[in-house]
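Only this structure's heavy atoms are used, side chains among them; waters, hydrogens and symmetry mates stay out. One-based numbering, in listed order, for ligands and for the atoms of each. Quick note: residue numbers are just sequence positions, from 1.
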Amino acid sequence: MASLVIILVIILAILALYLYKLYLLPKSHLPLPPGPKPLPLIGNLLGLPKEQDWLHWAKHKPLYGPISSISVFGNTMILIQSPTIAFDLFEKKSTIYSSRPTLVFGGQLCGWDGALPLLPYGSRFRAYRKNMSQLIGTKSAVSQFARLEAEETRRFLRRVMDNPDGLLWHIKKLAGAIILKISHGYTIDADGKDPLLDLADEALGQFGLAVSPGVWLVDVIPFLRHLPRWLPGAGFKRTASMWSKKANEFSNKPHAFVKRQMANEIATPSYTSALLEKLERAKINGADAVTIAEEEFNIKWSATSLYGGGSDTSVSSIYTFYLVMVLFPHIQTRAQAEIDSVIGSTNGDGPDRIPGLEDRGKLVYVDAVLKEVLRWQPVVPMGVPHVNTENDVYNGYFIPKGSIVMANIWQMAHDPDVYHDPFDFKPERFLGETPEPDPHSFTFGFGRRICPGKELADTSLFLVICQTLAVFAIAKPISPETGEPYTPKCDYLPGLVSHLKPYECRITPRSERLRKLVESVDEDFGTVGESDANILKELQ
Ligand code: HEM
C-alpha cells in the first residue's frame, strides 16, 4: 500500500513539475538548439547516458551539430561540442553563464553544497575564488610552492622505485601531500597509510556518485526530499544521511586540525591558517557574529574545495601518463633523448642530474607530452555543468534561463577537424610551424568557473612527467602465465573525473647512477618531516 502511495505521489509531482515548466517558464518564438524528439512528460529521459557520458554525448554532434539540446521532465540541457561556442557563452557572456545546477541530493541532502563546484554564482562564490586566486591563481603565485612540489615529487620517485607495484597509491600520496600542505599545513604519513588521505579517497568517491547527473530522481523532482526516511523507495535519504557524515568529516577534520595547531602556536603556515588569522583580526576590530560565522564557513569549505579538487584530478593524468609510456614506447625514447641532450649525459646512461622546472623552456618535447596527456584523455571529460541565470539567444537558438549547459571537453579534444589522428598519442602535433591548439585552453574549463588549480596542476604535472622520464624506464608487465610481456588494457571508468581502471607495468631505474640520484632525496631536501597523522587521529 505504502509503495502505491509513493508511486502516486511521484507521478503527481512529475505532472505538476511538467505543467509548471510547460506553462509558467519563459517561452520564445525562437527554437531551442536541435536535438532528439522528446516524449511527452519524460522528455529525453530514455536517452540519458548509461556509462561514459562523454562518448554518449559525442554521438549527438554529427546528428545535431556543435550545439544541441535535450529536455528531461521539462528541464533543458544544452550540449556544447565546440570550443568556439564554449568561449562565446562561458567567457563572452560569463555574467549569465557562471552558475551551477542545484543538486538536491549531492548538495542539500549529502551536505556538499558548501563545496565550490556546487556553489551558485554569487557573493560566496566570489569570496572563495578571490582567496584561491591570491594563493594559486597565477604562475608567480604558484612559484612559492616550487620547492614543496620539487621535494614531494622526489619523494614520490623514491617510493615508486622502492615499490613499483604501488604506483597508483604513490600518485595519490603525491597529490595529497602537496595540496594538504598548501591548504591546511598538514604533513602526511610519508611511509604508511594516512588517515586524511584515506578519508579523501572515501569522501571523494561518494562525492563523485552524489553529483552524477541523472542518477538521483530527487534532483529532478525536489519535492521527493520530503518523503519520510522509512518509506520504501526513500532509500536515497538513508544513503544521503550516511554520506553527509563523511562530507562533514571531510570538511571539519582538517579545519579542526589547523585550529588546534594555531591554538598551540605550532601551525605550519597554510591557506587556512592565513585566513583564520585574518578572521581573528576582524574579530578584534569588532566584526559582527553573522559575518564571522559566514567567513569561517567560507574558509573551511574553500579549503575543502582546494583539497578535494587537488587530490583527485592530477592523479588521473599522472596515472594516464604512465600507461601511455607503456603503450607508446617510442614517445618515451624520444622524450628521454631530449632530456639527456639538455641535462647532459656524460657516459650515455641518462642525465647527470634530475631535471626541474628551471629546465622547462628547453624541454619542448616533454612539454608537448604533457599537453598530449591533457588532450588524449581529458581529466574532467564533460566539464562541470554551468547554468545560465538569464534567458539568452545564441545563433538564433533560444536558451531558457536555468538551462544546464555542458561542454563535452573530450569531444573537443578528439575533433578530427582540429586534431589529426585524434586517437593516436602524438606530442609532435604541438611542435613545428603550425602546431595544433594547446589543450590547456579548454581542458581546465571556461570563463569565471575555469579551474582555480590550473597553474598548480600544470607545474605538478610537468615535474612528475619530466622527472619520471629522466630516471625510469617504463615497460609492459610480464604475464606470470606465459613469462612474456603483455599490453595492459586502457579502460576509463565513468564519472565526473575520469579514472583509469588499475593496470600493471614495469618500472625500473634507467641506470645505477640514476638509482643513486633518486635515493639521494634526503641529502637534497633533508629528512622527511614528522607526520601529523597522529594529531589528526586524536581529533576523532
Ligand atoms: C590536471 C588537473 C586538473 C584538471 C584537468 C582540472 C579541470 C577542471 C575543470 C574542467 C573544471 C570545471 C571548470 C568549469 O566549470 O568550467 C575544474 C573545476 C575546479 N577545479 Fe580543477 N582541474 C585540475 C586540477 C585541479 C587542482 C590541482 C585543483 C586544486 C588545487 C582543482 C580545483 C578545482 C575546483 C575547486 C574547481 C571548481 C571551480 C568552480 O566551480 O568555480 N583542480 N577543474
Between Arg429 and Tyr419, a side-chain donor and acceptor under 3.5 Å: no

Atom 13 (C) of ligand 1: closest protein heavy atom, distance to 0.1 Å, is Arg449 O, 3.1 Å

What's the shortest distance from atom 30 (C) of ligand 1 to any protein heavy atom, and which residue and atom give it? Ile179 CD1, 3.5 Å

Check whether any N or O atom of Ser314, backbone or side chain, sits under 3.5 Å from an N or O atom of ligand 1, and answer yes or no. no

Below 6.0 angstrom between ring centroids: does that apply to Phe250 and Trp112? yes

Before signing off on this row, confirm whether Ser317 and ligand 1 have an N or O atom pair separated by under 3.5 Å. no

Plane angle bin for Tyr322 and Phe156 - parallel if under 30°, tilted between 30 and 60°, otherwise perpendicular: perpendicular

Determine whether more than 12 heavy atoms belonging to other residues, nucleotides or ligands lie under 6.0 Å from atom NZ of Lys93. yes

Check each atom of ligand 1 against the heavy atoms of Leu116 and keep those under 4.0 Å away; list them by number with element. 35 (C), 38 (C), 39 (C), 40 (O), 41 (O)

Does an N or O anywhere in Phe125 fall below 3.5 Å from an N or O of ligand 1? no

At less than 4.0 angstrom from any non-hydrogen atom of His386, what atoms of ligand 1 do you find? 14 (C), 15 (O), 16 (O)

Once the angle between the rings of His414 and Phe423 is folded into 0 to 90°, is it parallel (under 30°), tilted (30 to 60°) or perpendicular (over 60°)? tilted

Do the two ring centres, one from Phe90 and one from His386, sit under 6.0 Å apart? yes

Is the centre of the Tyr503 ring less than 6.0 Å from the centre of the Tyr319 ring? yes

Nearest-contact summary for atom 12 (C) of ligand 1 - protein heavy atom, Å: Val384 CG2, 3.5 Å

Per-atom contacts, ligand 1 versus Leu306 - under 4.0 Å to a heavy atom: 29 (C), 30 (C)

Tyr128 side chain to Gly114 main-chain N or O, any donor-acceptor pair under 3.5 Å? yes

Taking both backbone and side-chain atoms of Ser305, is any N or O found less than 3.5 Å from an N or O belonging to ligand 1? no

Given the ring of Tyr121, does Arg126 sit roughly above its face, with NZ or CZ under 6.0 Å from the centre of the six-membered ring and within 45° of the axis? yes

Within the 3.5 Å criterion, strictly below it, is a donor on His60 or Gln81 matched to an acceptor on the partner's side chain? no

Among non-hydrogen protein atoms, atom 38 (C) of ligand 1 lies closest to Arg129 NH1, 3.5 Å

Show all protein N/O/S atoms under 2.8 Å from atom 21 (Fe) of ligand 1, or state that there are none. Cys451 SG

Report the part of Thr443 (side chain from C-beta onward, or backbone N, CA, C, O) that has a heavy atom under 4.0 Å from ligand 1; answer both or neither where that applies. backbone

Looking only at protein heavy atoms, which one is nearest to atom 37 (C) of ligand 1, and what is the separation? Pro117 CG, 3.8 Å

For the atom pair CZ (Phe321) and CD1 (Ile171), what is the distance rounded to the nearest 0.5 Å? 9.5 Å

Residue-ligand contact Arg448/ligand 1, heavy atom below 4.0 Å: no

Could you list which atoms of ligand 1 come closer than 4.0 Å to a heavy atom of Arg100? 14 (C), 15 (O), 39 (C), 40 (O)

Under a 3.5 Å distance rule, please check whether Asn391 uses its side chain to pair with a backbone N or O of Lys401 as donor and acceptor. yes

In Å, rounded to the nearest 0.5 Å, how long is the span from CD1 of Ile70 to CG of Asn75? 10.0 Å

